[in-house]
There are 2 protein chains.
Amino acid sequence: MNSWPDPGSALPLLWRTAERPSRGSGLTIGAIVEAAVLIADADGIGAVTMRSVAERLGVGTMSLYTHVPGKRELYALMLDRVFADAAEKPEGDWRERCAAIARQDRDRYLRHPWLLELPAARPAFGPNVTAKYDRDLAALDGTGLTAAEMNAAVMSLTSFVYGAARFQSQARSDERDGRGERRFWQDHEPFMHLVLDPERFPTAHRVAEEARNEGDADHDSSFEFGLERLLVGIGDLIGRRA
Amino acid sequence: MNSWPDPGSALPLLWRTAERPSRGSGLTIGAIVEAAVLIADADGIGAVTMRSVAERLGVGTMSLYTHVPGKRELYALMLDRVFADAAEKPEGDWRERCAAIARQDRDRYLRHPWLLELPAARPAFGPNVTAKYDRDLAALDGTGLTAAEMNAAVMSLTSFVYGAARFQSQARSDERDGRGERRFWQDHEPFMHLVLDPERFPTAHRVAEEARNEGDADHDSSFEFGLERLLVGIGDLIGRRA
DNA sequence: ACGTCGTACCGTACAACATACGGTAGAGGT
DNA sequence: ACCTCTACCGTATGTTGTACGGTACGACGT
């Protein structure tokens, strides 16, 4: 259940080349996808069931299947839909462009955390996904990198952003559900003599002590730290090409 | 359903401070976790059901609940179990240590792809998870970074590795299921005039052309590319501290 | 205006899931 | 020999995606 549908079944829907007409109910692909996205934003991807989507549209469950072959195709449509915000190209030099894209991607993941539950790689090239891919590559255009290097650099940034967003998003939803940092350490209390054993785990013990005094870095600054390091590393390669 | 159990319910199991005795069936926490891991390795996390685990152990489904409060706790136990390979510390300078850890983490994700479906952040500090955290920090010890910087650097590497592994793992399982690269582009064929439209998506069009001639970079070299860039970036910071 | 047909829409049914609940039988203590 | 505790399990419930077989409505030919 955790893979994309065949592009063959998703692409005609993504590009709307096989849209079925609506009769009296106003049911269209667009309406179904919109309802699904709203539900997912509000209550998570787990709340997106064929029943819940149909109910929100005031329609029988099985009616959805007239317009969408199944749930996987609905997921593919939802993904392409929320990438609509990646239309216009960012300004500045390659570094600013990459940073802007990374931050926008991170923000999109935080706005639609269910994106992180979907398969990560190779979604079908719908209109908005294609536009985003084009924009990502354009950010590195004119740097003297080869096509393969551009692809690898985009992939590296994408991987980092994906991972970082996943950690931050989970922390955020944990916090919302009362399973936050405080609760986490409270529950650990009876086991801290095992976890912070200075014999067994000396570095963790010491760093935990020091971090307690320094104050913890939050996810935002941790993201900026990693993004900065990665861009410095890519800049090093670009500099060596010139 | 997609969150960790309360650490309060997982920790006694993780540290085996509340193990129930087995009667005639040989049922223990360890046996249950081992069976679950084997099923997940073979057929994915989706195949790990209370029924399938019980069946593999020759035991009634509900008997598992004597030893494990629920499925979430089982997930937490599975995670800690496969981190047992992170015991010994890697050799070399900080750079080699970090690279070795990153590669080992990536390999673990590829060996146990279901790890990527579990929540990413803040698993309960079981014995092996704690050991891994200690080892990660130790890799950056003696570099002159502050505790907060060490944490951020570990987090950055972890995020990148997690994301990269997620992409690579999905590509691998897609390939295994006959949904590989070849099939992907075959299915796209009827839509390539839309996807590679040089008017709408000029950079994607050009890079796709060039990459066709250069040959595609695989996931392994893409991983090494990103790891190298990230380590160069971290090295830049360390150099500035000295 | 009327008959006919394609299909948008939907009610019911089924298999798979986690797990609540209430037993049962067998091991260990006295 | 008897009692008690609990490891083990059968059954039942609510939820999921979706297969299957209708039904009734919009459009079109005459």
Side-chain angles (χ1 to χ4, degrees), chain A residues 1-6 9-10 12-13 16 18-33 35-36 39-40 43-78 114 117-119, chain B residues 1-6 9-10 13 16 18-33 35-36 39-40 43-78 114 117-118:
Chain A
M1 184 48 155
N2 233 7
S3 64
W4 291 118
D6 287 344
S9 74
L13 303 173
R16 301 289 200 279
E19 187 148 28
R20 311 292 281 266
S22 166
R23 211 168 261 175
S25 61
L27 212 51
T28 61
I29 297 178
I32 294 173
V33 176
I39 293 172
D43 299 321
I45 194 73
V48 177
T49 69
M50 299 309 267
R51 289 185 220 286
S52 69
V53 173
E55 196 162 354
R56 172 178 273 259
L57 293 168
V59 127
T61 306
M62 292 311 290
S63 307
L64 302 181
Y65 287 90
T66 301
H67 302 269
V68 168
K71 213 189 182 200
R72 303 153 99 85
E73 285 79 7
L74 180 53
Y75 284 162
L77 287 161
M78 291 170 69
W114 47 271
E117 312 279 343
L118 266 39
Chain B
M1 183 47 156
N2 233 7
S3 65
W4 291 120
D6 287 344
S9 73
L13 304 171
R16 301 289 199 280
E19 186 147 29
R20 310 293 281 267
S22 165
R23 211 168 257 173
S25 60
L27 212 51
T28 61
I29 296 178
I32 293 173
V33 176
I39 293 172
D43 300 319
I45 195 73
V48 177
T49 69
M50 299 309 264
R51 289 188 223 287
S52 69
V53 173
E55 196 162 354
R56 172 177 273 260
L57 293 168
V59 125
T61 306
M62 291 311 291
S63 307
L64 301 181
Y65 288 89
T66 301
H67 302 269
V68 168
K71 214 191 183 196
R72 304 152 99 86
E73 285 79 7
L74 180 53
Y75 284 162
L77 287 161
M78 291 170 68
W114 46 270
E117 311 280 342
L118 266 40

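Convention: sequence-line order gives letters A, B, ...; per-chain numbering from 1. Any value given below was found using the heavy atoms of this structure, including those in side chains, with hydrogens, waters and symmetry copies removed.
We find the CD-CG distance between E117(B) and N2(A) to be 4.5 Å, quoted to the nearest 0.5 Å. For the atom pair CD (E73(A)) and CH2 (W4(A)), the distance works out to 11.0 Å, reported to the nearest 0.5 Å.
What separates OH of Y75(B) from C1' of dT19(C) is a distance of 14 Å, to the nearest Å. Rounded to an integer number of Å, the gap from L64(B) CG to dT19(C) C1' is 12 Å. In this structure, R72(B) atom CZ and dA18(C) atom C1' are separated by 11 Å, rounded to whole Å. When rounded to the nearest whole Å, the span between CG of L74(B) and C1' of dT19(C) equals 14 Å. Straight-line distance from the CG atom of L57(B) to the P atom of dA7(D): 17 Å, rounded to whole Å. Between the P atom of dT13(D) and the CE atom of M50(B) lies a distance of 21 Å, rounded to the nearest Å. Per the geometry, CZ belonging to R20(A) stands 12 Å off C1' belonging to dC9(C), to the nearest Å. Whole-Å rounding puts the I32(A) CD1 to dT18(D) C1' distance at 15 Å.
The shortest non-hydrogen separation linking P5(B) to A76(B) is CG-CB, 4.1 Å. In terms of heavy-atom proximity, A35(B) sits nearest to R56(B) at CB-CD, 3.7 Å. Minimum heavy-atom separation, A31(A) to L57(A): O-CD2, 3.9 Å. Nearest approach of L118(A) to Y75(A), heavy atoms of both residues: CD2-O, 4.1 Å.
The residue V48(A) sits close only to the backbone: its heavy atoms come under 4.0 Å of sugar-phosphate atoms, none of a base.
One end of the helix from dA1(C)-dT30(D) to dT30(C)-dA1(D) points its axis 10° away from the other end's axis, with each axis taken from 5 pairs and the angle rounded to 10°.
Taking 4.5 Å as the limit, every side-chain heavy atom of M50(B) sits out of range of all side-chain heavy atoms of I32(B). Put simply, the side chain of P69(A) reaches to within 4.5 Å of the side chain of L13(A), judged on heavy atoms.
The side-chain contact (heavy atoms from CB on, under 4.5 Å) test applied to R23(A) returns no partner, not counting sequence neighbours.
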Look for any protein N or O under 3.5 Å of an N or O in nucleotides 10-16 of chain C and output each such pair with its distance, or none.
unit_1: dC10(C); atom_1: OP2; unit_2: G60(A); atom_2: N; d: 2.8
unit_1: dC10(C); atom_1: OP2; unit_2: S63(A); atom_2: OG; d: 2.4
unit_1: dC10(C); atom_1: O5'; unit_2: S63(A); atom_2: OG; d: 3.4

Below 3.5 Å is the cut-off: list the nitrogen or oxygen pairs between protein and nucleotides 22-30 of chain C, distance only.
none

Distance-only donor-acceptor hits, side chain of residues 60-68 of chain A, under 3.5 Å, sequence neighbours excluded:
unit_1: S63(A); atom_1: OG; unit_2: G60(A); atom_2: O; d: 3.3
unit_1: T66(A); atom_1: OG1; unit_2: S63(A); atom_2: O; d: 3.3
unit_1: H67(A); atom_1: NE2; unit_2: L27(A); atom_2: O; d: 3.4

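The listed nucleotides are dA18(C), dG17(D), dA8(C); the one nearest the side chain of Y65(A) is dG17(D).
Residue pairs meeting the side-chain hydrogen bond (donor to acceptor under 3.5 Å, both in side chains) criterion with at least one member in residues 46-55 of chain A, sequence neighbours excluded: T49(A)-S52(A).
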